[in-house]
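Here's the structure, in structure tokens; my notes come after.
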There are 2 protein chains.
Amino acid sequence: MSAEGDPGRVRPGGRTARVRAAVLTAAGDLLAEQGFDRLDLADIARRAGVGKTTVYRRWGSVPNLVADLLAEMAEQSVPRTETGALEGDLQANARLVQRTLSDPRQGRLFTAIIAAATCDTRTAEALRRFYEVRIDEWAPCVQQAVDRGELLAGTDCREVIRAVSAPLYYRLLTVGQAPVEADADRAAQAAVAAARAGVFTTQVDEYGRADSG
Amino acid sequence: MSAEGDPGRVRPGGRTARVRAAVLTAAGDLLAEQGFDRLDLADIARRAGVGKTTVYRRWGSVPNLVADLLAEMAEQSVPRTETGALEGDLQANARLVQRTLSDPRQGRLFTAIIAAATCDTRTAEALRRFYEVRIDEWAPCVQQAVDRGELLAGTDCREVIRAVSAPLYYRLLTVGQAPVEADADRAAQAAVAAARAGVFTTQVDEYGRADSG
DNA sequence: GCTCAAATGGGCCTCCAGTTCCGTTAAGGG
DNA sequence: CCCTTAACGGAACTGGAGGCCCATTTGAGC
């Protein structure tokens, strides 16, 4: 394992940080433009104005580089709007995801990243963490709906958020078409309907363990 | 374009058919075992007991080969069970998808195929057709529910079926975890709840054009 | 069962992604 | 401001994926 994501770097300041930023930006651009399989680390180096050797030494492979890119992306938080009603919050979430996936650059980028994650365990782990962060950011709006009494106690808030994204990603990855706004609204409505019906409700026993019910 | 999927073959019988079958089988196995990116056409040829040149000549690239594999898979229909109730039918569908995705070979194979489809237009098109066939097979059970009066007229039957699969694929592709039976049941219930709430209902105007409502 | 071209397969070649080597640059501590 | 060495970058090297040539096999029509 000669290539590290970035953990034990001894000298992370100045030039090193500039190189990392330039390479990650170039990697994102090329990933979006050309897709996962046509990606060449030498191309990235050229685009970033950096020596080919540097890219190979620090990241070593495309999946490693993508994993690092994901770690970077996970740190950039998107502020979430709050409308005060479950429908509105989930619709806002759905439309945010939809706009991201249908944006030419971002949509292709996510597609390529997911493809990369299917090929490499470390990248898959980085992707899992990325979505965990995003879901944690939005789960509170479902929790608020529970607190307001809009949903049953014991509702799995994170699962509701996942239910909003699922149809949008499904459409992108299997049909190959980016979702449109109507898809987003339908996804949000479907999640609300299912949550209201108690589909995402788990019962908790006296030991605090959850069981689906 | 030297490589054709299989259209204009002049001599498709005997050896040619055997070679095609052997190569597609080997491709499926290696795709499931090693993933999309580590796939080498020479490996496939060796495994299939076929000349490397033949594979390169007839398919030319990994995406082309995957596209052909998908066309083959689309033709193999899985019989669908009918329980007479919407919940039961959708649960059967969800569990079928779930069992497929959590089967070691099939799950990895689908993952790899989807990755391949993100990298190549023709493969994406083949994948789209594959799911179209599968969805067409299951949509009638939703239509029957509409006919029985369980769901509103104007319900988009195919969209209901997609809603069942979406969470299962979403989980596999973004979290990297195969769905379990409880996920399948939840997906089916969520789709039913959303369908009952009229989320997948479209209104048709006097010109026959559909509008989401 | 004979003929002819489609289809296959072994061996050779080419080219470039990935690696190695080593001299150069510039963080970071004192 | 200077020294040490982590980090970078140019250039040359190499293994193997992908492509080509041509002899051989075999499907299909008669």
Side-chain angles (χ1 to χ4, degrees), chain A residues 1-27 30-31 34-68 112 116 119-120 123, chain B residues 1-27 30-31 33-68 112 116 119-120 122-123:
Chain A
M1 195 187 293
S2 63
E4 294 299 322
D6 58 24
R9 276 201 270 94
V10 177
R11 204 182 265 184
R15 181 172 58 167
T16 298
R18 274 198 306 280
V19 166
R20 187 177 116 105
V23 169
L24 291 185
T25 301
L30 286 172
L31 219 48
Q34 312 196 343
F36 159 64
D37 63 329
R38 286 170 208 169
L39 201 57
D40 175 17
L41 294 199
D43 282 342
I44 296 177
R46 208 173 308 128
R47 178 117 164 195
V50 155
K52 180 178 75 156
T53 314
T54 300
V55 177
Y56 275 104
R57 187 178 22 235
R58 281 192 55 186
W59 290 278
S61 70
V62 172
N64 259 324
L65 183 49
V66 174
D68 198 19
C119 300
D120 177 75
T123 309
Chain B
M1 198 185 290
S2 63
E4 293 300 320
D6 58 22
R9 276 203 268 90
V10 178
R11 204 183 267 185
R15 179 171 61 170
T16 297
R18 275 197 307 279
V19 166
R20 188 177 115 105
V23 169
L24 291 185
T25 302
L30 286 172
L31 218 48
E33 288 170 18
Q34 314 197 341
F36 160 64
D37 63 330
R38 286 169 207 169
L39 201 57
D40 176 18
L41 294 199
D43 282 343
I44 296 177
R46 210 172 306 126
R47 177 119 167 192
V50 155
K52 181 180 74 158
T53 313
T54 301
V55 177
Y56 276 104
R57 185 177 24 232
R58 282 192 53 188
W59 290 279
S61 71
V62 172
N64 259 325
L65 183 48
V66 174
D68 198 18
C119 299
D120 178 75
R122 290 175 60 177
T123 309

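This one's a predicted model, so the numbers in the text were calculated from it and none came from an experiment. Throughout, a chain's letter reflects where its sequence line sits, starting with A, and its residues are numbered from 1.
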Helix axis bend for the helix from C:dG1-D:dC30 to C:dG30-D:dC1 - C1'-based end axes, five pairs, 10° rounding: 60°
From CD1 (A:I44) to CG (A:L65), nearest 0.5 Å: 5.0 Å
Interatomic distance where CH2 belongs to A:W59 and C1' belongs to C:dG18 [whole Å]: 16 Å
Residues B:R38, B:E33: salt bridge by 4.0 Å N-O rule: no
C:dA7 OP1/OP2 closer than 4.0 Å to side-chain N/O of B:T16: no
Integer-rounded Å distance: C:dA17 P and A:D37 CG: 13 Å
Residues forming a side chain to side chain donor-acceptor pair (under 3.5 Å) with A:Q34, sequence neighbours excluded: none
A:D37: partners by side chain to side chain donor-acceptor pair (under 3.5 Å), with sequence neighbours left out: none
Any residue meeting side-chain contact (heavy atoms from CB on, under 4.5 Å) with B:A42, in chain and number order, not counting sequence neighbours: B:D40, B:R46, B:K52
Letter per nucleotide, 5' to 3', of nucleotides 11-21 of chain D [B base touched, S only sugar-phosphate touched, - untouched; heavy atoms, 4.0 Å]: BB----SBBBB
Polar side-chain atom of B:T123 near backbone of B:P63 as donor-acceptor pair, under 3.5 Å: yes
Check: A:T54 side chain, A:V50 main-chain N or O, donor-acceptor pair, under 3.5 Å: no
Smallest separation among heavy atoms of B:V23 and B:W59, with atom names: CG1-CZ3, 3.6 Å
N or O in side chain of A:R15 less than 4.0 angstrom from D:dA6 OP1/OP2: no
N or O in side chain of A:R18 less than 4.0 angstrom from C:dA27 OP1/OP2: yes
Interatomic distance where CZ belongs to A:R58 and C1' belongs to C:dT19 [whole Å]: 18 Å
